[in-house]
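The structure appears below as structure tokens.
All residue numbers refer to positions in the sequence shown, counting from 1. No hydrogens, no waters, no symmetry mates; every other heavy atom, side chains included, goes into these values.
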Amino acid sequence: MKKSAQIHKALTIFAYTVMLTGMTLLLAVVFRYPQNHLIPRQMIPGVGICVIALLAAGALWNKIYSLIGKRTPLYLLALVIFGVLLYITSLSRQGNENTLVDYTYVYRDAMNLATGGTLEYTDYFVTYSNNLKPMLLLSVWFRVAVLLGISSFHFVLLRNILLVLLVVWACGYLTEQNGDCRWRFPILLAFAFLLPLWDMVSVFYTDSMSFGLGILTLALLKKAGSAKTNRGKTLWSVIAGVVTVLAIIWKITAIIPLIACTMILLWQRKKADRRVILPLVVSVIVFGVGLQLWANTYDVTRKAAVTANPVMSWVALGMKEDGSWTNNTELVEQMYTFSTKEEKQQYCVEYIRENKADFFNAEHLRKKASYNFANGNLGASAFLNVEQNDQTLIWEMFSPWGSYYWRTSQLCYCYLVSVYVLLWIGMLFSLRNVIRGQNPPSLLMICQLGFFGIVVFLMLWEASSRQLYNQMPGILLGGVLSIDYFWKNLSIKPRK
């Protein structure tokens with residue numbers, strides 16, 4: 001083995017050792033300190049049973065797939081049924097904008113612009129400019145609905161459900177190799193069992209509007225790479241570029257899978273197809289600049305550039321206690337005393353410097369990890385009107401006042417943490433195989449690195465379990481791929 005290859009292998013082993021160690025510590029915290037008043041001694045066996053069931057289901061599916069053949073119309077039928085059920089279930093959620101305060105401001109002012117009115121919450125957007133462009137984009141969707149003479153809620157709800165279906169397709173498409181599409185249906189089921197999805201899909205906030213856009217972009221780029229004509233490559237690349245810009249605007253964390261993919265491909269020294277990369281980069285620049293120029297036509301955008309909270313403020317929010325907004329209101333109130341972005345930036349830098357010892361405190365890191373990753377409902381309860389029971393099953397399941405909230409929290413926790421465990425298993429086998437000189441599948445490595453990326457981000461950022469929601473497609477995809485990898489590494493030969 002050449003020296004360069006030895007160094008490459010050693011660094012890969014080091015990277016997997018770091019990820020596996022971090023994942024082990026994260027699981028230890030999640031098991032010991034679950035959120036929503038869940039009891040650890042009940043949750044640990046529940047997660048264990050769920051992991052065993054998922055692994056067994058993976059083995060069973062391999063046998064079923066060998067009987068039903070490679071392609072079947074049942075998958076498309078199941079995808080349509082899933083979308084219809086999502087739509088019907090979400091119809092009762094109209095009016096949910098009156099819950100989370102930030103969402104209320106975004107929703108109402110988007111509707112104001114769509115109907116020809118003026119902004120009602122200007123003070124909010126010149127402070128929290130991260131929600132300004134999402135509000136403007138949402139106003140476009142509302143405006144189209146108004147022009148068509150249809151319900152804005154029903155129209156944007158249809159957009160969100162179609163996005164979910166596209167992301168489900170994208171996950172299945174990314175796993176296809178040489179016509180083998182065996183994991184499409186299990187991936188669909190993985191999404192169907194993600195209970196918070198059934199509530200969050202009816203929310204037109206940044207988390208749900210950016211759901212899986214990074215994974216969808218990867219699928220579009222795969223389409224571009226497999227296209228036989230230059231026109232096809234250009235078309236799919238341009239669409240991927242547009243989706244990338246939308247992902248950045250709705251919620252920048254949505255591009256974490258893209259960053260992970262870039263890093264893995266560079267690490268594997270794979271050559272990029274210029275006929276794909278060039279149109280992608282050009283479309284990102286053109287569409288991104290175009291949207292910025294459009295946003296600049298609004299006075300509130302220019303004002304926000306001078307007065308908005310800097311990016312550093314969200315890092316400062318995560319420095320103490322559990323890192324959540326609720327437990328750091330003193331910092332929030334202090335930020336209101338400054339009138340310019342520069343003043344706020346200086347204060348945040350000084351605040352971080354003064355509290356860096358608190359950040360590295362083990363108790364703080366434990367609380368923050370628990371707050372971010374041990375809440376299985378992914379913050380879905382924030383979007384339910386807790387003041388009024390609307391007599392729906394979703395309310396009873398996800399509202400803290402609902403009859404089934406605790407039971408739902410148990411189910412969500414067991415499901416989410418079992419996927420964490422599957423990712424941990426995949427990392428363990430990946431490390432073993434790298435030591436043996438065998439590379440793990442590239443897509444699995446992308447999912448693993450993507451999950452590690454969101455973990456690092458949330459440990460540095462303001463704590464919020466909702467930040468995981470738009471990452472769930474990559475996390476679920478990684479879990480399914482880990483099941484496949486588990487059986488392959490046990491030398492069980494499900495494939496002929």
Side-chain angles (χ1 to χ4, degrees), residues 18-19 22 25-26 29 35 100-102 106 124-134 205-207 210 214 247-260 263 304-375 378-379 382 449-471:
V18 171
M19 286 198 298
L25 293 173
L26 179 64
V29 172
Q35 295 285 300
L100 186 71
V101 174
D102 290 16
V106 170
Y124 169 81
F125 289 107
V126 298
T127 302
Y128 298 100
S129 61
N130 58 302
N131 280 333
L132 177 55
K133 289 179 185 176
Y205 196 44
T206 55
D207 309 284
S210 64
I248 293 172
I249 292 177
W250 283 117
K251 207 174 192 75
I252 195 167
T253 53
I255 67 169
I256 286 179
L258 287 175
I259 297 172
M263 294 175 66
V306 178
T307 62
N309 287 353
V311 172
M312 195 66 70
S313 65
W314 279 274
V315 178
L317 266 176
M319 294 295 293
K320 299 170 65 176
E321 296 296 331
D322 60 8
S324 67
W325 187 93
T326 305
N327 284 327
N328 288 276
T329 53
E330 291 182 6
L331 173 64
V332 176
E333 292 172 359
Q334 184 64 35
M335 294 292 287
Y336 286 124
T337 64
F338 302 109
S339 58
T340 67
K341 190 172 186 177
E342 288 74 14
E343 291 176 326
K344 295 176 180 179
Q345 177 78 14
Q346 293 175 3
Y347 176 77
C348 289
V349 171
E350 185 62 28
Y351 182 88
I352 292 172
R353 184 182 297 113
E354 292 177 354
N355 294 281
K356 61 183 179 181
D358 291 329
F359 176 80
F360 290 105
N361 180 274
E363 184 67 10
H364 162 74
L365 294 175
R366 190 271 298 170
K367 288 181 178 179
K368 195 170 186 180
S370 175
Y371 193 93
N372 280 322
F373 303 102
N375 185 343
L378 304 174
L449 185 58
F451 181 74
F452 188 74
I454 191 62
V455 170
V456 172
F457 175 83
L458 287 180
M459 292 307 293
L460 295 173
W461 206 250
E462 172 200 5
S464 173
S465 60
R466 281 192 296 108
Q467 294 274 9
L468 275 182
Y469 181 74
N470 72 353
Q471 301 296 313

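Taking every heavy atom of both residues into account, Phe125 and Ala304 meet most closely at O-CB, 3.8 Å. When all heavy atoms of Val455 and Phe373 are compared, the pair lying nearest together is CA-CZ, 3.6 Å. Closest heavy-atom contact between Ser465 and Gly379: OG-N, 3.5 Å. Nearest heavy-atom pair, Pro257 versus Gln471, reported as atom, atom and distance to 0.1 Å: CD-OE1, 4.1 Å. Taking both residues in full, the closest heavy atoms of Leu26 and Ala369 are given as CD1-CB, 4.2 Å, listed atom of the first, atom of the second, then distance. Closest of all the heavy-atom pairs between Pro134 and Ile249 is CG-O, 3.3 Å.
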Lys251/Tyr205 under side chain to side chain contact (heavy atoms under 4.5 Å, CB included): CA gap, chis, key distance, verdict: CA-CA 10 Å; Lys251 207 174 192 75; Tyr205 196 44; 5.6 Å; no
Walk me through it: do Leu449 and Met19 pass the test side chain to side chain contact (heavy atoms under 4.5 Å, CB included)? CA-CA 8 Å; Leu449 185 58; Met19 286 198 298; 4.3 Å; yes
For Met335 and Asn309, what are the C-alpha separation, side-chain angles and deciding distance, and is it a side chain to side chain contact (heavy atoms under 4.5 Å, CB included)? CA-CA 8 Å; Met335 294 292 287; Asn309 287 353; 3.8 Å; yes
Under the side chain to side chain contact (heavy atoms under 4.5 Å, CB included) rule, what do Asn131 and Tyr124 come out as? Steps first, then yes or no, please. CA-CA 9 Å; Asn131 280 333; Tyr124 169 81; 2.7 Å; yes
For salt bridge (Lys or Arg N to Asp or Glu O under 4.0 Å), just list the numbers for Lys368 and Asp322, CA-CA rounded to whole Å, side-chain angles, deciding distance to a tenth of an Å, and then say yes or no. CA-CA 4 Å; Lys368 195 170 186 180; Asp322 60 8; over 6 Å; no
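To the nearest 0.5 Å, atom CE of residue Met319 and atom CG of residue Leu460 are 9.5 Å apart. If you take CD1 on Ile352 and NZ on Lys356, they are separated by 11.5 Å, rounding to the nearest 0.5 Å. Within the model, atoms NZ of Lys341 and OG of Ser313 stand 9.5 Å from one another, a figure rounded to the nearest 0.5 Å. For the atom pair CD of Glu363 and CD of Glu321, the computed distance is 9.5 Å after rounding to the nearest 0.5 Å. The distance from the OG1 atom of Thr206 to the CD atom of Gln467 is 7.5 Å, given to the nearest 0.5 Å. Interatomic distance, CD of Gln334 versus OH of Tyr351, reported as 10.0 Å (0.5 Å rounding).
Counting non-hydrogen atoms of other residues, nucleotides and ligands closer than 6.0 Å to CH2 of Trp314 gives a total above 12. More than 12 heavy atoms of other residues, nucleotides or ligands lie within 6.0 Å of CE in Met459, so this atom counts as buried by the packing criterion.
Between the side chain of Asn372 and the backbone N or O of Ala463, no donor-acceptor pair lies under 3.5 Å. In this structure, Ser129 contributes its side chain and Leu132 its backbone to no donor-acceptor pair below 3.5 Å. Proximity of a side-chain donor or acceptor of His364 to a complementary backbone N or O of Gly323 within less than 3.5 Å is not detected. Judged by distance alone, the side chain of Lys344 and the main-chain N or O of Thr307 form a donor-acceptor pair under 3.5 Å.
Taking the six-membered ring for Trp and thresholds of 30 and 60 degrees, Phe457 and Trp461 have nearly parallel ring planes, at less than 30 degrees apart. By the 30° and 60° cut-offs, the orientation of the rings of Tyr128 relative to Tyr336 is perpendicular.
Ser324 and Glu462 share no donor-acceptor pair across their side chains, judged by distance under 3.5 Å alone.
Counting heavy atoms from C-beta outward, Leu378 and Asn375 have side chains that stay 4.5 Å or more apart.
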